[in-house]
Amino acid sequence: MRLICLDDDPRIEAVLGRFLKRFGHGVDFHVSVSSFKAALASDLPDVVLLDLGLGRENGIDVIHWLAEVHPRIPVVLLSGHGHDLLDTARRVARSTGIQVLGAVSKSRMVKELPAILGRRVTATSRGPHQTLQARDAITRQDLEWQIRGGGILPYFQPIVSPDNGRLKGVEVLARLRLPSGQILGAGEFIPLAESSGLIYEVTETLFERLIESTETLEASGLTFISVNLSPLILQQERALVLVRRLVDGLAGICAVKIEMTESAASAYPDILRSVAAQIHLMGASLAIDDFGIGYSSMRALAELPFDTLKIDLSFVSEMFDSPKALRLLRAMIAFGRTLEMQVVAEGVETEAQSRLLIEAGVDLAQGYLFGKPMTAEDLASTFSISRVAGESKCGPEPSVSAGGGDGVGAGRTVMVVDDDQRMLHATARLVTAWGYRCETFTDARTALQVSETAAPQLLIVDIYMPELDGFEVIKRMRRIAPSTRIIAVSGDVVRGHHTNVLDMCLVLGSDAVLQKPIAPDRLRAAVERLIGGPSPIESSGATVESECPPEPQRVEEPQGTDRAEVPGT
């Protein structure tokens, strides 16, 4: 990417210039606001790196200027004044419509910037303008016709146990299929349904389509289905008719959970107390949705019989950008558990987020990491059922390859990539002896090409290799197969460069870092922690597949020391 950095400290240019070049980013530095503005007038960058302290001027003024003149350029905020100021500045920028990719303390730039810049740069704002255009394209008459013609469809987003990925439930999301075949999200037609008085009809039709899908849904082994009810419906007695129809229609399939936003629960307390009690008596449970963004959450929890707390996705998305957001997130999880409520985290998109949420004690999670909203048929094909002691459990089919393939489905496959053949085959011997299926490669490009169609469950990669080093392999593997676990190995872990190698590997997405030569006990502990032990079938006949067959002479096993870094242990 092409970056432009505004910072009045000239030392930053020397620090960031060399570092970001390694990741393929070009950086244009400016120490004055005037030269920065002039540069933007001639050529727009992909991302702006903006320091908040700029002498007589400050970054907040620049944020407001960017919002007026160049609102579509994403920004990364930098500061040496602490996290609270960064957090406030980020909120200021977002309130103006600026897309903030991250907010970084200067003391942690080298560690945190690569991950932030590696994120997909989304559109600056889908917000008011585009949503209005989509809504204007549909009239009340169009929506009414689509309701009668079967255009309202239920989509299902998986809600899983984050520690093992097993499907526990789904959230039902409304979709509208236009005559052209285009599918619109709820945000593009639900506001019209509410303002035109059609929200009850939309919800009623959605529930009927949902009930019609029970046979397909049963194959997914769900324990519950969550549905959202608009505050406009919750104020009506007819809301109870809808809930009763859904509970009866899903009887014997799964439980029903009714989600209410905390803003709705706080706005209509008198009405909702009675409605909530009756919903509970019907056999449905209640979840408080978007928890943490309202102002009367405590009162809502005290007065209504909620048993599930869904933490708003904004706290999950900001957990690594704002220490304050992370502290609040941990506090909300602890708060929910103290009240003996089931805690669900929304908007989980990365393995790092999932691991932290598991550590914090969250019960369930949903987000793109586990699955986008999908049809009932796609849900059934993605998740399978296993019956254990009469309990229905299900999880994703064992495939982590973004492009499909059966590499992992065939067993726990470990891929070893190292240009040192002695070390390559020694590692492979260990892995194979432990009962795993092993593939070895001396050429990193070939290994990545294979992973596109048959991704391994675990990658063990050397950091320093010719042409394509381990840092680049980790970065590319994260794009090709996000669920593949990665162990990086490097001699520099014990040659005075331990911190830099460890930090770089973890920023890029490695799950563990081990020193070379590899201590077998450390390696085995890391492998079993990340992907578990081999299955009995694998243990009975593991094989080594290699582009370079082992040479017939004896290969010495690597002798290691006790020093190794395995994050999370």
Side-chain angles (χ1 to χ4, degrees), residues 23-24 114-115 118-120 165 349-352 354 368-371 382 396-421 423-425 427-428 430-432 434 436-490 504-514 518 523 526-532 534-535 538 542-550:
F23 292 88
R119 296 172 186 166
R120 181 173 57 90
E349 296 187 350
T350 69
E351 290 283 358
S354 179
Y368 281 14
L369 176 64
F370 308 108
T382 304
E397 294 292 344
S399 173
V400 297
S401 172
D406 60 358
V408 177
R412 288 187 172 89
T413 302
V414 177
M415 176 182 287
V416 184
V417 181
D418 196 322
D419 63 312
D420 181 341
Q421 291 198 28
M423 191 64 67
L424 178 79
H425 298 311
T427 304
L430 291 173
V431 170
T432 304
W434 298 330
Y436 298 93
R437 181 173 179 270
C438 187
E439 297 176 343
T440 60
F441 295 87
T442 56
D443 178 48
R445 297 185 189 278
T446 303
L448 290 170
Q449 290 172 358
V450 170
S451 298
E452 289 179 355
T453 56
Q457 193 162 3
L458 174 69
L459 168 68
I460 301 174
V461 59
D462 182 33
I463 291 301
Y464 294 111
M465 298 183 290
E467 297 186 10
L468 201 64
D469 65 21
F471 295 127
E472 185 65 23
V473 173
I474 294 171
K475 186 165 62 173
R476 295 190 189 185
M477 183 62 83
R478 275 286 163 257
R479 291 198 300 266
I480 293 171
S483 297
T484 291
R485 311 309 292 270
I486 299 176
I487 297 176
V489 295
S490 172
M504 186 75 76
C505 291
L506 296 182
V507 164
L508 291 174
S510 176
D511 297 288
V513 183
L514 299 177
I518 307 171
L523 177 61
V527 171
E528 292 184 352
R529 179 179 69 85
L530 294 174
I531 63 173
S535 68
E538 294 162 24
T543 60
V544 179
E545 296 183 4
S546 174
E547 59 168 0
C548 307

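Residue numbers start at 1 and run along the sequence shown.
Annotation: side chain of Ser354 is in contact with side chain of Leu369 (closest heavy-atom distance under 4.5 Å). Counting heavy atoms from C-beta on, the side chains of Glu439 and Thr413 come closer than 4.5 Å. Within the 4.5 Å cutoff, no side-chain heavy atoms of Val416 are placed close to those of Asp462. Here the side chains of Ile518 and Thr427 are in contact, with some heavy-atom distance below 4.5 Å. Side-chain contact check for Leu523 versus Trp434: some heavy-atom pair is nearer than 4.5 Å. Considering only heavy atoms from C-beta on, Cys505 comes within 4.5 Å of Ile463 through its side chain.
For the pair Thr484 (side chain) and Pro456 (backbone), a donor-acceptor distance under 3.5 Å is present. Remark: the backbone N or O of Ile486 is paired with a side-chain donor or acceptor of Asp511 at under 3.5 angstrom. Put simply, the side chain of Arg478 gets close to the backbone of Gly509: a donor and an acceptor are under 3.5 Å apart. No donor-acceptor pair closer than 3.5 Å links the side chain of Arg476 to the backbone N or O of Leu448. The closest donor-acceptor contact from the side chain of Arg485 to the backbone of Val527 lies at 3.5 Å or more, if one exists at all.
Contact detail for Asp419 and Tyr464: the closest heavy-atom pair is OD1-O, 3.6 Å. Nearest heavy atoms, Ser510 versus Ala512: OG-O, 2.8 Å.
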